[in-house]
Each structure stands twice: as C-alpha cells, then as structure tokens.
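Below is one structure, written out as structure tokens; comments come after it.
By convention in this document, chain letters (A, B, ...) are assigned in the order of the sequence lines, proteins followed by strands, and residues within each chain are numbered from 1. As a basis for the values below, the full set of heavy atoms in this structure was taken, side chains included, without hydrogen atoms, waters or symmetry mates.
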Amino acid sequence: MVGGLSTRLLNICIASVCKTQQLQRAEVLLIDAIRLGVLPNVVTYNILVDAYCRFVGMGAALDVIPRMREAGISPDVITYNSLVAGSTRKRSLSLTLDLFDEMLELSIHPDRWSYNTLMHCFFKVGNPDEGYNVFRNLVLSEITPGQDTFNILINGLCKNGYAMHGLMLFRNLQRHGVVPELVTYNLLIDGLCKAGQWRAAKTMIMELLETDENPNAITFTTVMKCCFKFQKYEQGLEVFLEMANRGHTFDGFGYCTAVGGLIKIGRIEEANRWMDRMLKNGIGLDLVSYNSLINLHCREGRLGAAYAVVEELEKRGLECDAYTHAIIIDGLCRAGDIEGAYRHLDRMKVLGLGSNRVALNCMIDRLFKAGYMEAAMRLFESMETKDDFTYSSVVHSLCKLGRFRSASKVLLSCLRSGTKILKSAQKAVLTGLKMSGYRRDAKKLQSQIYMARVLARY
DNA sequence: GTAGGGTTAG
C-alpha cells in the first residue's frame with residue numbers, strides 16, 4: 001500500500017518535471033526513487049515516453065521501451081498511443097503505420113484513441129481520403145466514435161481544403177443534438193480562418209460567445225491569428241491584451257503570435273517589449289519561441305545576437321529547423337550580407353536542408369533587390385520545387401528591371417505548373433509589355449493566361 | 001492520458 005502510494009507520488013513528480021521539459025531531471029528523479037526502493041510502474045514510463053516524444057524526438061522515445069522491458073514492465077495501449085501521437089506530430093506516416101502494426105503483433109488492442117490518431121496522421125500528411133477511410137472502418141468496427149473522433153475529422157477536413165465540409169459536419173452534429181465543445185469551436189475557427197473564410201470564422205466566434213463555454217488560451221491565440229491573417233492588426237492586438245489580462249499568457253503561444261504580428265506591421269519596439277516580458281516571465285522556451293526571438297533580432301539587424309540564440313538552443317539539445325534557417329538567411333540578406341547568406345546556405349546543404357523553399361525564396365528576392373540578377377536566376381532555376389512566392393517574386397523583379405519578355409516566360413511556366421501567382425505580378429508583365437511597345441505579345445500572353453487558367457481546372 | 005493555438009518571404 002505504502003509502495004503504491006509512493007509510486008503514485010513519484011509519477012506526479014515525474015509528470016510535473018517532464019512538463020517543464022527537463023527530461024534529465026526526470027531521469028535523475030527516477031534513479032533516486034529506485035534507490036529509495038520506490039518502483040516505477042507502466043504509468044511512470046508512459047509519462048517519460050510521452051515527454052520524449054514531445055520534447056526530444058522519436059528516437060529517444062523509442063529507446064525507453066527496452067528500458068521498460070528490462071524493468072519487467074510491458075508497454076500498453078497508452079504507451080503506443082503516445083508513440084503514435086509522437087510520430088504523427090512529426091508527420092511520419094511510415095513510423096505511425098509501423099507502430100500500429102507492432103501494436104497488433106503484440107496483441108495490444110488499439111482503442112478509439114489509437115484510431116483517432118491514425119486518422120489524424122493521414123489528414124496531417126495530406127491524405128484526407130485515407131483519413132476518412134479510417135473513420136469509416138472505425139464506424140464499421142465495434143469501436144464507437146466519440147466527440148474527439150468528430151473533432152479530428154472536422155480538423156482534418158478543414159486542414160485539407162474542405163473547411164466548409166467541416167462546417168457542414170458540425171451543423172449536422174448539432175442537428176443530432178450534439179453540443180459542440182470548446183475544442184470544436186477552436187478547430188473550426190482556425191480551419192475557416194486558414195481557408196480564408198473570414199465571415200464563417202467570425203460567425204463561429206460569435207456563436208462560441210453565445211454558449212456556456214469559456215474561451216481559453218487556445219481560443220484567444222486562434223482568434224488573434226485570425227485577425228492578423230485578415231490584416232486586422234489592431235483588433236488582433238486587442239485580443240492579445242484581453243488574453244494577457246485574463247491570465248492566458250502562461251506559455252509562448254500568445255506572445256509569439258503577437259510579436260509576429262507586430263513585426264509584420266513594423267512595430268518593432270512593441271515587439272521587443274512583449275518579447276522581454278515573455279523572457280522575464282520565465283516561460284520555458286521551445287524551438288518556435290527561439291525562432292520568434294531570432295526573427296526579432298534579425299529584423300533589428302542584430303545578427304550576432306541571433307547567432308547567440310542559435311548557440312543557446314543547440315546547447316540545450318534542440319536543433320534548428322527550416323524556420324530557423326529561413327529566418328537567418330532572410331536576416332543576413334536584409335543586412336546586406338549576401339556572402340554570409342551563401343555561406344549559410346552551404347552549411348544548410350551539409351545538414352541536408354538545402355531545399356528549404358522559403359529560404360531560397362528570400363534569397364532570390366534579395367539577390368534581385370541587391371542587383372544580382374544572374375545569381376538570382378541561377379538559384380531560381382536550380383530550385384527543385386517552386387511555389388507562388390517564388391514565381392511572384394521573380395516575375396515582379398524581372399518587371400522592375402524591364403525584362404518583360406523573360407518575366408512573361410516565367411509567368412507562363414508558372415501557370416502551366418498550375419501554381420498560383422499574385423495578380424499584381426501578372427498585371428506588371430502585361431502593362432510592362434504594352435508600355436514598351438510589345439502590344440502583340442501582351443495580347444498573346446493574355447490569351448495564354450486565360451487558357452492556362454481554364455486548363456488548370458481539370 | 002491522449003487532439004486544438006504560436007515562428008519564415010511579397
């Protein structure tokens with residue numbers, strides 16, 4: 001009895017230490033406990049597995065399993081659910097499927113949550129058909145879908161370009177007497193906002209305020225972000241102030257969103273103040289908050305400070321990601337250090353991150369602005385995949401240089417690939433051609449644009 | 001004991 005009680009106590013301690021991302025301290029705690037004769041149980045290891053998944057990586061999380069077995073404890077469905085959730089967070093469909101198979105081989109029966117997560121994984125990697133298939137199989141099996149299942153389904157639909165279908169499902173559930181949870185509202189607000197459906201998102205926000213649910217930190221961040229997305233910066237910052245007043249700024253999410261918004265509209269001083277406040281409030285920094293901080297330093301031209309943060313995060317065992325590198329490349333270019341940006345690009349190539357599209361887009365744009373057209377075009381042509389940013393920036397830059405016929409070629413290759421491009425870029429080419437006496441070419445381009453647009457629909 | 005919010009470029 002005493003032993004059971006102390007194991008429970010140990011688990012509470014380990015869980016709270018893990019929450020602060022101090023995995024090494026958690027391990028020390030575990031060793032000390034065992035020395036004192038307090039034995040860990042499956043819950044103890046499950047807490048560790050989940051924390052390693054979240055804060056370190058799948059490799060570290062998987063390493064816990066043999067340690068568990070050595071201690072005579074078998075992983076259970078919760079262990080595997082954590083692992084599957086971890087690999088889903090990392091968007092690794094193959095690992096998720098492997099873990100699922102392993103689970104079945106070990107006769108650990110997947111529960112509703114296992115299927116929920118599998119479905120979530122398919123949606124997350126952009127395979128909504130398979131995601132929906134999991135849902136169908138779940139309904140056909142003896143497992144009953146729960147509200148959580150529907151939430152994942154709604155989220156999956158929203159994030160895969162079917163936001164209005166998500167909304168329809170929501171209405172359908174309401175008609176069947178389901179009272180939506182706060183989570184459902186949060187998901188839909190975010191989904192509709194990201195799909196560009198401002199009116200529908202606004203309706204959802206208003207509806208939520210009519211319910212008994214109390215908006216939480218996630219709601220506030222989502223609504224703030226939604227305002228920013230539709231360029232309603234003042235409203236967004238108002239939401240942030242309200243969020244802070246209500247004590248919802250206990251983690252980095254709100255701060256990073258607000259700082260990002262302030263940077264976008266050039267209010268760097270305010271961004272600095274909020275960032276300071278976040279750091280002073282002792283909020284545990286993760287990679288995203290580090291990236292926000294690095295971005296702020298870069299915007300102020302403090303490249304040295306930016307690199308110091310990189311060192312700090314690496315010292316903590318974190319690794320720079322695609323965001324970090326894009327931010328640094330952009331910062332170097334903004335500071336006029338094109339050579340430094342090339343050097344950094346080389347370093348990224350060594351790390352296998354050479355095809356970072358955002359970083360390359362930044363670089364191309366800045367190369368044009370700095371007058372290195374040939375270098376910019378070389379980089380452009382070397383890119384494996386191009387997006388609307390790539391094309392819009394190159395077309396705009398070529399027009400600025402008066403290279404309307406080259407711009408027109410790039411524009412056409414963009415349309416043929418079915419990629420969107422800024423309307424202003426199209427317009428720049430057309431008016432440029434007309435103004436410089438290529439009226440025939442302009443006319444021809446116009447019909448080519450038209451045809452490409454029609455054909456892209458099929 | 002499990003999902004949902006935050007960071008990069010016109």
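Here B:dT8 is the nucleotide among B:dT8, B:dG10, B:dG4 with the atom lying nearest to any side-chain atom of A:Ala326. Of the candidate nucleotides B:dG4, B:dT8, B:dG6, B:dT8 has the atom lying nearest to any side-chain atom of A:Val358. Of the candidates B:dG6, B:dG5, B:dG10, B:dG10 carries the atom nearest the A:Arg334 side chain, counting heavy atoms from C-beta on. With B:dG4, B:dT2, B:dT7 as the choices, the nucleotide that has an atom nearest any side-chain atom of A:Leu187 turns out to be B:dG4. Distance from the side chain of A:Lys159 is smallest to B:dG5 among B:dA3, B:dG1, B:dG5. Minimum atom distance to the side chain of A:Arg54 is reached by B:dA3, of the listed B:dA3, B:dT8, B:dG6.
At the heavy-atom level, A:Ser82 lies nowhere under 4.0 Å from the strands shown. Residue contacts shown for A:Thr222 are limited to sugar-phosphate atoms, with no base heavy atom under 4.0 Å away. Within 4.0 Å (heavy atoms only), A:Arg366 reaches sugar-phosphate atoms of the nucleic acid but no base atom. When heavy atoms are screened at a 4.0 angstrom cut-off, A:Arg112 is found touching no nucleic acid atom at all. Within the 4.0 angstrom heavy-atom criterion, only backbone atoms of the sugar-phosphate kind lie near A:Lys194; the bases stay farther away. At a threshold of 4.0 angstrom between heavy atoms, the contacts of A:Ile152 include nucleobase atoms, whether or not backbone atoms are also involved. Residue-level contact check: A:Ile78 touches the bases, meaning some heavy atom is under 4.0 Å from a base atom. Contacts of A:Ala359 with the nucleic acid, taken as non-hydrogen atoms under 4.0 Å apart, are absent. Residue A:Asp251 is classed as a base contact, given a heavy-atom separation below 4.0 Å to a base. Across all strands, A:Thr257 comes closer than 4.0 Å only to sugar-phosphate atoms, never to a base (heavy-atom distances). At the heavy-atom level, A:Asn295 lies under 4.0 Å from the strands shown only through sugar-phosphate atoms. A:Asn361 comes within 4.0 angstrom of a nucleotide base, judged by non-hydrogen atoms across all strands. Within the 4.0 angstrom heavy-atom criterion, no nucleotide atom of any strand lies near A:Asp76. Residue contacts shown for A:Asp190 are limited to sugar-phosphate atoms, with no base heavy atom under 4.0 Å away.
Using modelled atom types and a 3.5 Å distance limit, the side chains of A:Thr44 and A:Asn11 yield a donor-acceptor pair.
Rounded to whole Å, atom P of B:dT7 lies 12 Å from atom CG of A:Leu262. Across the protein-nucleic acid pair, A:Ile329 atom CD1 and B:dT7 atom P stand 21 Å apart, rounded to whole Å.
The aromatic rings of A:His248 and A:Phe220 are tilted relative to each other, their planes meeting at an angle between 30° and 60°. Between A:His165 and A:Tyr162, the ring-plane angle classifies as perpendicular under the 30° and 60° cut-offs. Relative orientation of the A:Tyr255 and A:Trp274 rings is tilted, given thresholds of 30° and 60° on the angle between their planes. The aromatic rings of A:His344 and A:His325 are tilted relative to each other, their planes meeting at an angle between 30° and 60°.
Proximity of A:His120 to the phosphate of B:dT2: no side-chain N or O atom is located under 4.0 Å from OP1 or OP2. Contact annotation: A:Lys225 reaches the phosphate of B:dT7 (side-chain N/O to OP1 or OP2, under 4.0 Å). Of the side-chain N and O atoms in A:Asn116, none sit less than 4.0 angstrom from OP1 or OP2 of B:dA3. OP1 or OP2 of B:dT8 has not a single side-chain nitrogen or oxygen of A:Arg357 nearer than 4.0 Å.
Annotation for A:Arg357: atom CZ counts as buried by contact number, over 12 foreign heavy atoms lying within 6.0 Å.
Side-chain atoms of A:Ser392 come within donor-acceptor range of the base of B:dG10, with a qualifying N/O pair under 3.5 Å.
Here A:Phe389 packs flat against the base of B:dG10; its ring centre is closer than 5.5 angstrom to the base's six-membered ring, tilted by less than 30 degrees.
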